[in-house]
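Working notes, beginning with the structure itself.
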Amino acid sequence: MALMDFIKKQFIDVIQWTEDSDGTLAWRFPMAGMEIQNGGTLVVRESQMAVFVNEGKVADVFGPGTYKLTTQTLPVLTYLKNWDKLFESPFKSDVYFFSTRQQIDQKWGTPQPITIRDKDFGAVRLRAFGNYAFRVADPKLFHTEISGTREAYTVAEVDGQLRGLVLQNISNAIASSGLPFLDLAANQIAFANALAQELQPAFAKIGLLLEAMTVQNVSLPEELQKILDQKIGMGMVGNDMGKFMQYQTAQAIPKFAEGAGNGGGVAGDAMGLGAGVALGQVLAQNLQQGLQGGAAQAAPAAAAPVGVRPDEVMATLEKLADLKAKGILTQEEFDTKKAELLKKLV
């Protein structure tokens with residue numbers, strides 16, 4: 001009876017892996033103190049592959065199916081010999097299973113803006129993020145290059161390396177796509193395809209296949225986005241500076257009205273008493289120039305209004321200061337307009 005218990009303990013007749021969780025790429029069949037029985041069965045399920053490692057070297061790779069393990073099937077496997085040594089075989093084999101199904105929704109993104117060369121804007125710093133999917137395509141190569149002899153190797157353990165490869169190849173992908181930044185943001189599929197082409201060789205070197213790549217967003221840092229918005233605004237008015245100022249002024253009116261409705265102001269500070277009336281005058285003059293051809297009305301628009309009362313000047317200064325505090329007017333613009341208004345009090 002003791003001999004039979006010894007035999008049952010030492011020999012394995014079925015080798016298989018039933019995945020009990022997601023995210024495992026490689027799993028080693030537990031072989032401690034056991035031998036593979038001659039004539040045993042190897043079961044490799046769909047979405048799996050199995051690798052036999054004998055005496056430290058990869059002996060064979062099996063795809064999905066059921067295999068009878070004999071010396072004819074795999075001559076280098078452990079087989080029964082040396083009966084005088086109580087079935088202790090001098091050969092040891094390890095069996096590794098690999099999941100070949102797609103590992104989907106793997107996130108990538110730029111933790112910091114990356115600098116690229118753009119034909120429209122010159123050097124541009126941008127952010128991007130998306131996801132990708134991959135699978136183990138060459139289990140032998142993945143075993144020798146990445147997973148090794150560990151009991152298990154998971155997606156989480158290779159995630160940092162793969163995201164690093166994505167970030168490393170973004171600049172090359174943008175260059176190969178030939179798309180400027182503005183077109184890049186509008187053609188995310190083309191960008192994703194160019195990025196996938198750049199990444200395929202790097203993934204293949206470690207036995208992986210990149211199955212899908214998506215770019216969900218391409219954007220600029222906030223400070224550069226504001227500049228881009230201004231450039232877009234100028235483009236909307238045909239790069240005419242006069243019309244652009246009209247556009248900017250029109251955009252500022254809702255903010256001005258909101259500030260006035262909230263009781264905003266710098267009461268008690270005569271120099272900071274701000275200037276919405278002057279803003280209205282400038283807007284009216286600019287609109288008149290735009291309607292009548294611009295240049296012909298430049299002189300009347302530049303002429304200073306006559307007969308302004310002191311209380312109107314102070315009210316104007318108050319509103320100007322409010323606009324400066326909100327960032328609509330610069331300090332230089334405020335000082336210039338303030339000097340013009342104060343001269344009318346003399």
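Counting from 1, the numbers follow the sequence of the chain as shown.
Remark: K205 engages no residue in a side chain to side chain contact (heavy atoms under 4.5 Å, CB included) (not counting sequence neighbours). For F203, there are no ring pair (Phe, Tyr, Trp, His ring centres under 6.0 Å) partners two or more places apart in sequence or in a different chain. For N193, there are no side-chain hydrogen bond (donor to acceptor under 3.5 Å, both in side chains) partners at least two apart in sequence or on another chain. Considering only residues two or more places apart in sequence or on other chains, E151 meets the side chain to side chain contact (heavy atoms under 4.5 Å, CB included) condition with R28. Judged as a ring pair (Phe, Tyr, Trp, His ring centres under 6.0 Å), and not counting sequence neighbours, the contacts of F142 are Y153. For D20, the side-chain hydrogen bond (donor to acceptor under 3.5 Å, both in side chains) criterion is met by no residue, not counting sequence neighbours. Applying the ring pair (Phe, Tyr, Trp, His ring centres under 6.0 Å) rule to Y96 yields the partners H143; only residues at least two apart in sequence or on another chain are considered. K107 is linked by a side-chain hydrogen bond (donor to acceptor under 3.5 Å, both in side chains) to D105, counting only residues two or more places apart in sequence or in another chain. Every residue meeting the side-chain hydrogen bond (donor to acceptor under 3.5 Å, both in side chains) condition with R135, not counting sequence neighbours, appears here in chain and number order: E211.
Listed here is the closest heavy atom pair of L42 and F97: CD1-CZ, 3.9 Å. Of all the heavy atoms in E157 and A152, the pair that sits closest is OE1-O, 4.1 Å. Nearest approach of W108 to M213, heavy atoms of both residues: NE1-SD, 3.4 Å. Minimum interatomic distance between F134 and V158 (heavy atoms only, all atoms of both residues): CZ-CG1, 4.2 Å. The two residues S147 and F98 come nearest to each other via the heavy atoms OG-CE2, 3.8 Å.
Criterion: ILVMFWY side-chain heavy atoms under 4.5 Å apart, direct or through other members. Under it, L199 and L209 are not part of a common hydrophobic cluster. Hydrophobic clustering, with ILVMFWY side chains joined whenever heavy atoms are under 4.5 angstrom apart, groups V58 together with I206.
Here the side chains of V136 and L208 are in contact, with some heavy-atom distance below 4.5 Å. At a threshold of 4.5 Å between non-hydrogen side-chain atoms, the residues F129 and T214 do not count as touching. With a 4.5 Å cut-off on side-chain heavy atoms, V61 and P139 count as touching. Annotation: side chain of V215 is in contact with side chain of V218 (closest heavy-atom distance under 4.5 Å). For the pair L210/Q200, a side-chain contact is recorded, criterion being any heavy-atom separation below 4.5 Å from C-beta on. Looking at Q197 and P201, their side chains never come closer than 4.5 Å, going by heavy atoms from C-beta outward. The shortest distance between side-chain heavy atoms of D94 and T149 does not fall below 4.5 Å. Q331 is listed as a side-chain neighbour of D335, based on a closest heavy-atom distance under 4.5 Å.
Residues in residues 183-199 take part in no salt bridge (charged side-chain N to carboxylate O under 4.0 Å, His left out) pair, two or more places apart or across chains.
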Which atom pairs, donor and acceptor, lie under 3.5 Å between side-chain atoms of residues 169-177 and protein residues at least two apart or in another chain?
residue, atom, partner, partner atom, Å
N169, ND2, L165, O, 2.7
S176, OG, N172, O, 3.2
S176, OG, A173, O, 2.9
S177, OG, I174, O, 2.7
S177, OG, L179, N, 3.4

Scan the side chains in residues 43-51 for donor-acceptor partners under 3.5 Å anywhere in the protein, sequence neighbours excluded, and list what turns up.
residue, atom, partner, partner atom, Å
R45, NH1, Q16, OE1, 3.3
R45, NH1, W17, O, 3.4
R45, NH2, Q16, OE1, 3.0
Q48, OE1, R45, N, 3.2
Q48, NE2, W17, O, 2.9

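The line from NZ of K337 to CD of E332 is 13.5 Å long, rounded to the nearest 0.5 Å.
More than 12 heavy atoms of other residues, nucleotides or ligands shown are found within 6.0 angstrom of CZ on R101. A 6.0 Å sphere centred on CD of E19 holds more than 12 heavy atoms belonging to other residues, nucleotides or ligands.
Looking at N187, its side chain never comes within 3.5 Å of a backbone N or O of A190 through a donor-acceptor pair.
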Could you walk me through whether T41 and I15 pass the side chain to side chain contact (heavy atoms under 4.5 Å, CB included) check? CA-CA 6 Å; T41 301; I15 302 173; over 6 Å; no
Can you list the steps and then say if V124 with T115 is a side chain to side chain contact (heavy atoms under 4.5 Å, CB included)? CA-CA 5 Å; V124 174; T115 302; over 6 Å; no
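Checking L162, V155, N131 one by one against Q106, the side chain to side chain contact (heavy atoms under 4.5 Å, CB included) holds for a single residue, V155.
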